[in-house]
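Everything on this sheet refers to the single structure shown next.
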Amino acid sequence: MSGGEDEVTLAKEPAPESGGLMVKAEQVHKSFGRLEVLKGIDLQVRTGEVMCVVGPSGSGKSTFLRCINHLEKINAGRLWVNGHLVGYRQQGGKLYELRDREVSAQRREIGMVFQRFNLFPHKTALENVMGAPIWVKRQPKDQVRQRALALLERVGLSDKAQVYPSQLSGGQQQRVAIARALAMEPALMLFDEPTSALDPELVGEVLDVMKQLALDGMTMIVVTHEMGFAREVGDSLVFMDDGAVVEQGTPREVLANPQHARTQDFLSKVL
C-alpha cells in the first residue's frame, strides 16, 4: 500500500449516487503477499437483485465477498454498500481505514453465510439467532426473542428452537445460520457456497430458504456451484477466473450461450 499501512489507492471517479444500487465495486484489487487474488473487479448489484457468482476454485470469488464486508482489506479501488464506502473514509485523495467500531457498524447492514455454519455449539438454535441483536444492537431481549422465533419459523425450524447444533443436520445448521444473519436485519446478504459442505439430500432445504428470500426482495450475492439455483433464482450471473470477471449477463444467457472460451470450458465441465 502506498503512503501508509492504512491507505489504499484511490480511483479518481467521484463517489456514486446510491440510487438503485446496493453494491458498487470499482477496480477492486486484493493481494496476499505477492499473490494477486483480485485483479480489478468492477461490478454493480441493484437493490433487490440476486447476483450469482460462479467459477473455479481459487478464482477470487470468496475473497471478493469477504472484501464487501471488510473481512479482507482491499489494496486498491473502492467498494460501496448502500451508498457508503466500505471500511474507509476519504481524505486528501487517499482512503483511510475506519476504526473497528465504525467497521462493525457498517457490517450490521451486511449478513454473511459461510460454507461452514460457525454456530456456537454450547447455545441452542434460538440462542444462536438471538445473540447478535442483543450484544451488538443492544435490543431488548423479549423483542429479540420474538423476532428470533419468527425467523426460525421462516427457515422451517420452529420446532428446533431449543435444540443444540450437534443435534441438527448440516442443512438445519445452515438454516439456523441464515436465520442468525437475518436477525441483524441486513440490507444485503452474502452467501459463500452455502451448500458445499452439505450432503446432497440436504442441499434442497437450504436452497428453498434462499429462494424464498429472493422472492421477498432481499438483495443477495451468492457464490455457488448450484447452476440450477443460478438459472432459476438469479437475476445476473458472473463468471470469475484468475481474479477477474470474465463474463456476466443473465443466467440464461451465460449458461445457454457463453461468449468467452474460458466460460465455455468451465460450464462444459459443470453442466
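Remember, it's a predicted structure, so these values are computed and weren't measured experimentally.
- Annotation: cation-pi geometry satisfied between Lys30 and Phe32 (NZ/CZ under 6.0 angstrom from ring centroid, within 45° of ring axis).
- Using a 4.5 Å heavy-atom cutoff, the side chains of Val136 and Ser104 are not in contact.
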CA sep, side-chain torsions, deciding dist, call: Glu49, Gln44, side-chain contact (heavy atoms from CB on, under 4.5 Å): CA-CA 10 Å; Glu49 178 180 349; Gln44 296 183 5; over 6 Å; no
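- Inter-residue side-chain proximity for Thr195 and Gln174 is flagged as unmet; no heavy-atom pair is nearer than 4.5 Å.
- With respect to the salt-bridge test (charged N to carboxylate O, under 4.0 angstrom), the residues Arg262 and Asp265 qualify.
- Distance NE2/His84 to CG/Leu98: 11.5 Å, rounded to 0.5 Å.
- With hydrogens and angles ignored, the 3.5 Å screen pairs no side-chain donor or acceptor of Glu102 with any backbone N or O of Arg89.
- Panel note: side chain Thr124, backbone Gln162; no donor-acceptor pair is recorded below 3.5 Å.
- A donor-acceptor distance shorter than 3.5 angstrom exists from the side chain of Arg175 to the backbone of Val155, with no hydrogens or angles considered.
- Salt-bridge formation is not detected for the pair Arg107/Glu109: no Lys NZ or Arg NE/NH1/NH2 atom is positioned less than 4.0 Å from an Asp or Glu carboxylate oxygen.
- Checking side-chain atoms of Ser31 against main-chain N and O of Arg34 turns up no donor-acceptor pair under 3.5 Å.
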Thr263/Glu247 under side chain to side chain donor-acceptor pair (under 3.5 Å): CA gap, chis, key distance, verdict: CA-CA 7 Å; Thr263 318; Glu247 190 165 344; 2.8 Å; yes
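- Linking Ile, Leu, Val, Met, Phe, Trp and Tyr whenever their side-chain heavy atoms come within less than 4.5 Å puts Leu151 and Val163 in one cluster.
- Here the side chains of Ile74 and Tyr88 are in contact, with some heavy-atom distance below 4.5 Å.
- Here the side chains of Pro133 and Arg147 are not in contact, with every heavy-atom distance at 4.5 Å or above.
- Counting non-hydrogen atoms of other residues, nucleotides and ligands closer than 6.0 Å to CG of Asp159 gives a total above 12.
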Steps toward side-chain contact (heavy atoms from CB on, under 4.5 Å) verdict (Trp80, Arg78): CA-CA 7 Å; Trp80 290 267; Arg78 292 188 286 183; 3.5 Å; yes
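- In summary, of the residues considered (Pro56, Pro258, Ser59), a side chain to side chain contact (heavy atoms under 4.5 Å, CB included) with Phe239 occurs for Pro56 alone.
- Annotation: side chain of Phe114 is not in contact with side chain of Glu193 (no heavy-atom distance under 4.5 Å).
- A pairwise comparison of heavy atoms in Gly234 and Cys52 identifies CA-SG, 4.1 Å as the closest pair.
- Side-chain heavy atoms closer than 4.5 Å link hydrophobic residues (I, L, V, M, F, W, Y) into clusters, and following such links, possibly through other members, connects Val129 to Trp135.
- In this structure a side-chain-to-backbone donor-acceptor pair under 3.5 Å is present from Gln167 to Tyr164.
- Put simply, the residue from Val254, Val53, Leu237, Leu43 that forms a side chain to side chain contact (heavy atoms under 4.5 Å, CB included) with Gln248 is Leu43.
- Clustering ILVMFWY residues whenever any of their side-chain heavy atoms sit less than 4.5 angstrom apart, transitively, puts Val113 in the very cluster that holds Phe117.
- No donor-acceptor distance shorter than 3.5 angstrom exists from the side chain of Asn82 to the backbone of Met22, with no hydrogens or angles considered.
- Between Asp216 and Lys211, no side-chain nitrogen of the basic residue sits less than 4.0 Å from a carboxylate oxygen of the acidic one, so the salt-bridge criterion is not met.
- Residues Met51 and Leu190 are members of one and the same hydrophobic cluster, defined by side-chain heavy-atom contacts under 4.5 angstrom among Ile, Leu, Val, Met, Phe, Trp and Tyr.
- We find the CG-CZ distance between Leu152 and Arg180 to be 12.0 Å, quoted to the nearest 0.5 Å.
- Residues Gln212 and Arg154 have side chains not in contact (no heavy-atom distance under 4.5 Å, counting atoms from C-beta outward).
- Note on Ile41 and Leu85: same hydrophobic cluster, where clusters join Ile, Leu, Val, Met, Phe, Trp and Tyr whose side-chain heavy atoms are under 4.5 Å apart, directly or indirectly.
- In this structure a side-chain-to-backbone donor-acceptor pair under 3.5 Å is missing from Gln139 to Val144.
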Derivation and outcome, side-chain contact (heavy atoms from CB on, under 4.5 Å), residues Asp235 and Thr250: CA-CA 6 Å; Asp235 297 301; Thr250 69; over 6 Å; no
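- Remark: Thr63 OG1 to Ile68 CD1 distance equals 11.5 Å, nearest 0.5 Å.
- With hydrogens and angles ignored, the 3.5 Å screen pairs no side-chain donor or acceptor of Gln106 with any backbone N or O of Asn69.
- The backbone N or O of Met240 lies less than 3.5 Å from no partner atom in the side chain of Lys61, so there is not a single donor-acceptor pair.
- Put simply, the side chain of Glu153 never gets that close to the backbone of Ala150: no donor and acceptor are under 3.5 Å apart.
- A distance of 9.0 Å separates CD in Glu127 from CZ in Arg145, rounded to the nearest 0.5 Å.
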Asp208/Phe229 under side-chain contact (heavy atoms from CB on, under 4.5 Å): CA gap, chis, key distance, verdict: CA-CA 9 Å; Asp208 285 345; Phe229 174 86; over 6 Å; no
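- Open room surrounds CZ on Arg46; 12 or fewer heavy atoms of other groups in view lie less than 6.0 Å from it.
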